[in-house]
Amino acid sequence: MKTKRIIASLFIVFFLLAGCSNKAAEETTTDKTESSTVEKISDSSSAEKKQSPKKKKIALAGTYYTNEGSTATVEQLSDQEWKITYQVSEGEMTATFIPDWQSKGADYQSKTQMSKSDGDSGFKIDITAAASGEIKLTMSDGNPDHQMTFSNQKPKVTADPVLQGDLSTFEGSYSNDTTEKAIAESGFTLNGYTPTNYYQNQTTVFPGISKSGEDWIYWAGSSHAHYKMNKNQLPKKTNGYYEVTFLGTNAIAIEGKELVLTLVPSGVSGPDGKTSDENRIFFDSDNQESLREYHDEWWKAYQSKQTETDLDVEAILTGDFATLAGTWKNGEGRTLTINADGTTDNQEKIVAQRSEPAEDGISYVSIMPINGGGGAAIALYKIGATNPEGDQSDTTRPRIIITQNSGSFPAEEYYYRQD
């Protein structure tokens with residue numbers, strides 16, 4: 001009986017000791033688990049701290065695109081500094097910047113100052129790095145007209161044919177007011193053409209862009225310079241217009257010499273800051289001389305403005321030179337100014353003698369040096385009068401010819417009044 005009590009007491013002591021041991025083990029396990037969790041949180045916080053937005057590094061290097069087809073290149077200069085290279089109307093531009101990243105949900109953004117190669121300190125660059133992988137760069141000085149936005153994603157739009165070397169959009173003849181005025185002042189005989197040639201657009205005076213085989217050609221007009229587009233240097237697009245490089249193909253253009261034309265589409269502000277509803281071509285290095293699309297029957301505008309006085313041949317033959325007075329110019333560029341008293345700017349004088357018209361039906365006066373010497377005849381053509389031996393002039397205007405005899409004269413030899 002005594003033995004049984006001792007065994008029972010030992011069993012109770014063992015049970016209590018086992019219970020205490022298990023509890024201690026559980027507490028130890030709990031302590032380890034809590035310690036591990038604290039360590040993970042601490043490690044996580046440390047990792048987050050290391051990757052704080054301001055110190056985050058995002059790879060920006062590569063090629064960027066605008067919706068209009070222009071491109072920019074970004075390269076890394078140092079651990080934090082980057083450089084962007086892009087084109088503006090004045091040529092190549094570069095700028096450096098240091099991003100300051102801030103998290104915006106799943107994206108990151110940065111807006112910092114740019115240091116531009118032209119010294120303009122008013123520009124900032126706004127960068128958005130989306131979780132999708134797209135990166136957008138927007139450069140602006142606050143003026144919407146100066147803002148440029150690039151993306152590392154190629155634009156999902158139809159490829160610009162001009163940038164691929166297709167100039168169909170600009171194909172055709174071109175002109176400007178200066179050229180047309182010079183033609184009108186020559187009596188539509190400039191460069192030896194007849195008025196009919198101009199009325200029917202049968203001249204080579206006007207510049208134009210055309211396609212010959214696989215080549216795009218630029219014809220410079222009256223200069224007869226001939227160029228073809230350089231296929232090894234595709235057009236570039238800046239601010240909505242194009243710079244296209246041509247190479248000379250004849251002696252006048254100088255074979256192989258580059259000519260850069262600026263092609264401005266209708267509705268786009270050109271390098272002169274002006275917008276037109278027609279395509280335009282800028283052809284000088286300063287982008288100040290331009291051409292616009294050729295207008296059919298442009299010459300009618302000049303004819304309607306003509307209110308010049310016709311020659312009063314009867315009065316002229318009696319010594320009244322009032323209707324002959326003025327400055328006259330022919331298609332070769334020669335001028336003659338006749339005063340109301342019959343004297344000229346070349347120290348000459350007009351001598352009139354009342355006589356019957358010559359055999360060709362045209363009346364003449366003489367022109368000779370004031371101090372004596374040999375002279376010449378001036379044939380007088382009223383509006384509507386024609387040269388019976390062949391007329392290449394604009395018969396809608398009064399004309400004169402300085403000659404030694406009658407005959408069929410080239411168009412450029414006829415003089416027309418300029419004032």
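Along the sequence shown, the residues carry numbers beginning at 1. As the structure is a prediction and not an experimental result, all values here were calculated from the model.
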Per-pair distances, 0.1 Å, donor-acceptor, side chain in residues 257-264, under 3.5 Å, sequence neighbours excluded:
from : atom 1 : to   : atom 2 : distance (Å)
T262 : OG1    : N287 : OD1    : 3.2

Item checked: More than 12 heavy atoms of other groups within 6.0 Å of K237 NZ -> yes

Checklist line | Heavy-atom check, side chain of V74 versus side chain of Y64, under 4.5 Å | finding: yes

Item checked: N/O donor-acceptor pair under 3.5 Å between N346 side chain and E348 backbone -> no

Checklist line | Donor-acceptor side-chain pairing of T396 and D394 below 3.5 angstrom | finding: yes

Item checked: CA sep, side-chain torsions, deciding dist, call: T249, E255, side chain to side chain donor-acceptor pair (under 3.5 Å) -> CA-CA 5 Å; T249 59; E255 291 191 24; over 6 Å; no

Item checked: Geometric class of the W298/Y302 ring pair [parallel <30°, tilted 30-60°, perpendicular >60°] -> perpendicular

Item checked: Heavy-atom check, side chain of F170 versus side chain of P265, under 4.5 Å -> yes

Note to self: Which label fits F150 and Y86: parallel for a plane angle under 30°, tilted from 30 to 60°, or perpendicular past 60°?
What the structure shows: tilted

Next item on the list: Specify whether Y198 and F206 have parallel, tilted or perpendicular ring planes, treating 30° as the upper limit for parallel and 60° as the lower limit for perpendicular.
Entry: perpendicular

Margin query: Does N143 have more than 12 heavy atoms from other residues, nucleotides or ligands lying within 6.0 Å of its CG?
Written below: yes

Check: With a 4.5 Å heavy-atom cut-off, do T344 and T337 have their side chains touching?
Finding: no

Notebook entry, point to check: Would you call the rings of F246 and Y218 parallel, tilted or perpendicular, where under 30° means parallel and over 60° means perpendicular?
Noted result: tilted

Notebook entry, point to check: Do T73 and T85 have side-chain N/O donor and acceptor atoms under 3.5 Å apart?
Noted result: no

Item checked: Donor-acceptor side-chain pairing of D320 and T318 below 3.5 angstrom -> no

Margin query: If you define the side chain from C-beta out and look only at heavy atoms, does anything of V313 sit under 4.5 Å from K382?
Written below: yes

Note to self: Side chains of S212 and D215 only: does a donor on one sit below 3.5 Å from an acceptor on the other?
What the structure shows: no

Check: When you check the side-chain N and O atoms of R399 and S393, is any donor under 3.5 Å from an acceptor?
Finding: yes

Checklist line | Intermediate values then yes/no, side chain to side chain contact (heavy atoms under 4.5 Å, CB included), I58 and W101 | finding: CA-CA 9 Å; I58 295 177; W101 295 110; 3.7 Å; yes

Notebook entry, point to check: Is there any side chain to side chain donor-acceptor pair (under 3.5 Å) pair reaching into residues 121-132, and which pairs are they, with sequence neighbours excluded?
Noted result: none

Next item on the list: Could you tell me whether D177 and R292 have a side-chain N and a carboxylate O separated by less than 4.0 Å?
Entry: yes

Check: Is there side-chain contact between T194 and T189, with at least one heavy-atom pair below 4.5 Å?
Finding: no

Checklist line | Proximity of W299 and Y199 rings by center, below 6.0 Å | finding: yes

Checklist line | Exercise: do E180 and S175 side chains pair donor with acceptor under 3.5 Å | finding: yes

Check: Does atom CD of E214 have more than 12 heavy-atom neighbours from other groups under 6.0 Å away?
Finding: no

Next item on the list: Any chance you could lay out the side chain to side chain contact (heavy atoms under 4.5 Å, CB included) test for E389 and S406, step after step, and finish with the verdict?
Entry: CA-CA 8 Å; E389 297 189 40; S406 60; 3.3 Å; yes

Notebook entry, point to check: Do N152 and T63 have side-chain heavy atoms sitting under 4.5 Å apart?
Noted result: no

Margin query: A side-chain contact here means heavy atoms from C-beta on lying under 4.5 Å apart; do I338 and I350 qualify?
Written below: yes

Notebook entry, point to check: With a 3.5 Å cut-off and no angle check, do the side chains of Y242 and D160 form a donor-acceptor pair?
Noted result: yes

Next item on the list: Under the salt bridge (charged side-chain N to carboxylate O under 4.0 Å, His left out) rule, collect the residues that match up with D118, sequence neighbours excluded.
Entry: K116

Check: Is any side-chain heavy atom of L137 less than 4.5 Å from a side-chain heavy atom of T149?
Finding: no

Note to self: Counting only heavy atoms from other residues, nucleotides and ligands, does the tally under 6.0 Å from NZ of K181 exceed 12?
What the structure shows: no

Notebook entry, point to check: Are any side-chain N or O atoms of Q404 and backbone N or O atoms of G375, one a donor and one an acceptor, separated by less than 3.5 Å?
Noted result: yes

Note to self: For a side chain to side chain contact (heavy atoms under 4.5 Å, CB included) check, start with the C-alpha distance between H295 and E278, then their side-chain angles and the critical distance, and finish with the verdict.
What the structure shows: CA-CA 11 Å; H295 299 165; E278 298 180 288; 2.7 Å; yes

